[in-house]
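Side-chain atoms are counted along with the backbone in the values below, which use heavy atoms only and exclude waters and symmetry mates.
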Amino acid sequence: MILSHEIPQGCKLYFGKNARIKRELENLASTILYQNGYEEIVTPTFAYLEHQRDTHSREVVRTNNQFNHQIALRNDSTIDTIRLLAPHLRETTLSKRWFYIQPIFIYPTTEVHQIGVENLENCDIFPFLEMSLQLLNGITNPKKSSNMHKMEAFLQLSNVKIPQICAEKFGIPLEVFEKIDVGAIESANPLMAKLLHICNKESLKEILQDSKHNLPNVLKEELEKLYHLALNIHYAHCIVSPLYYAPMSYYNGLFFRFFANNITLILGGEYEILGQNACGFGIYTDNLIQFIKE
């Protein structure tokens, strides 16, 4: 027997104060994004199945249309946005800065509410970090509705190319970095053990300045990119993780995430989809609402 108030596992229900927090969060995010020159896009909830196959480790919810073509519920808004905008990007009047506020759906019944931002003209993630901090610092604490609540989240900075280069140079499977297998990484090479213990810009600087490590040029170049990004960030809870591997397969450069209690709140970086280089980040609305409540 299914009770009338029950919902499928993984689905979301917001009402009362929770619904108000969600709406205030979305309104604040859209205000910040409009101020920074972004326009809104809403992509179709359904897409042809062949367009949803590029996502990493996400099962799609499938059905068929009237012609028996396989279609799926949207399970990645970034891919959809780039795919739909790609034919029009040469138009000089078309904006290359977009955001969306819409859920994605993962098999069997999981829905994930998110706010996504894509910049197709400037692959610099620093402005995204600034907007993320502006959002986090501007969220109203529901327990103190008249006061602004400063979020105490951790910021992690990484560079996807570093584990990719290490995998190639030292013969380490990428799965080792995905699973964060510390033992396998440490034992692969003495340099890997050193990189594994980097936790901030100071320890990264020591590695770069110590000539005895004999860093391969291609690796040193990517480590320097990460260091220069960290150097420009003034945030008390900043962690530098050169060997962290991004969970999305299309990320291909500098990468960041805000997290608390091991839950990701905001995640973004440099990526390439359909030959289009861009930068983007996603705000995980459900996780952020839970963090605000706690």
Going by heavy atoms in the side chains, are [X] and [Y] under 4.5 Å from each other?
X: Trp98; Y: Asn119; result: no
X: Pro127; Y: Asn36; result: no
X: Leu157; Y: Leu129; result: yes
X: Ser158; Y: Tyr245; result: no
X: Val61; Y: Ile106; result: no
X: His197; Y: Glu186; result: yes
X: Glu130; Y: Gln134; result: no
X: Phe46; Y: Thr63; result: yes

Pairs under 3.5 angstrom only: tabulate donor-acceptor contacts from the side chains of residues 267-285 to other protein residues two or more places apart or in another chain.
| unit_1 | atom_1 | unit_2 | atom_2 | d |
| --- | --- | --- | --- | --- |
| Glu270 | OE1 | Leu254 | N | 3.2 |
| Tyr271 | OH | Glu118 | OE1 | 2.7 |
| Gln276 | NE2 | Leu120 | O | 3.4 |

Take Tyr100 and Thr78 through the test side-chain contact (heavy atoms from CB on, under 4.5 Å) and record every step on the way to the result. CA-CA 9 Å; Tyr100 44 81; Thr78 297; 3.2 Å; yes
May I ask you to decide whether Glu121 forms a salt bridge with Arg97, counting only side-chain N to carboxylate O separations under 4.0 Å? yes
Quick test of your reading of the model: are Arg23 and Glu26 salt-bridged, counting only N-O distances below 4.0 Å? yes
Regarding [X] and [Y], is there a side-chain donor-to-acceptor distance under 3.5 Å anywhere?
X: Asn64; Y: Gln70; answer: no
X: Asn159; Y: Tyr244; answer: no
X: Thr109; Y: Gln9; answer: no
X: Tyr250; Y: Asp76; answer: yes

Could you note down all residue pairs passing ring-ring contact (aromatic ring centres under 6.0 Å, His included) where residues 214-234 supplies at least one of them, sequence neighbours left out? none
Check each of Leu33, Asn27, Val42, Ile115 against Ile101 using the side-chain contact (heavy atoms from CB on, under 4.5 Å) test, and report the only one that passes. Ile115
According to ring-ring contact (aromatic ring centres under 6.0 Å, His included), who are the partners of Tyr251, at least two apart in sequence or on a separate chain? Phe255
State plainly whether one hydrophobic cluster holds both [X] and [Y], where clusters connect Ile, Leu, Val, Met, Phe, Trp and Tyr through side-chain heavy atoms under 4.5 angstrom apart.
X: Ile82; Y: Ile41; value: yes
X: Val182; Y: Ile239; value: no
X: Leu133; Y: Phe291; value: yes
X: Leu155; Y: Phe259; value: no
X: Ile263; Y: Val112; value: no

Take atom [atom1] of [X] as the centre, draw a 6.0 Å sphere, and report whether it contains more than 12 heavy atoms from other residues, nucleotides or ligands.
X: Phe154; atom1: CZ; value: no
X: Glu168; atom1: CD; value: no
X: Lys12; atom1: NZ; value: yes

Taking [X] for its side chain and [Y] for its backbone only, find out whether a donor-acceptor pair lies under 3.5 Å.
X: Ser241; Y: Gln156; result: no
X: Asn189; Y: Phe170; result: no
X: Arg74; Y: Thr43; result: yes

side-chain hydrogen bond (donor to acceptor under 3.5 Å, both in side chains) for Asn200 and Ser203? Distances and angles first, verdict last. CA-CA 6 Å; Asn200 52 39; Ser203 53; 3.0 Å; yes
Before you tell me yes or no, could you show the steps for Gln102 and Ser77 under side-chain hydrogen bond (donor to acceptor under 3.5 Å, both in side chains), namely the whole-Å CA-CA distance, both residues' side-chain angles and the distance that decides it to 0.1 Å? CA-CA 8 Å; Gln102 58 190 28; Ser77 289; 3.0 Å; yes
Working for side-chain contact (heavy atoms from CB on, under 4.5 Å), residues Glu111 and Ile104: CA-CA 6 Å; Glu111 59 181 276; Ile104 60 170; over 6 Å; no
List the atom of Pro44, the atom of Asp80, and the distance in Å for their closest heavy-atom pair. O-OD2, 4.0 Å
Anything under 30° is parallel, anything over 60° is perpendicular, the rest tilted; go ahead and classify Phe258 against Phe256. perpendicular
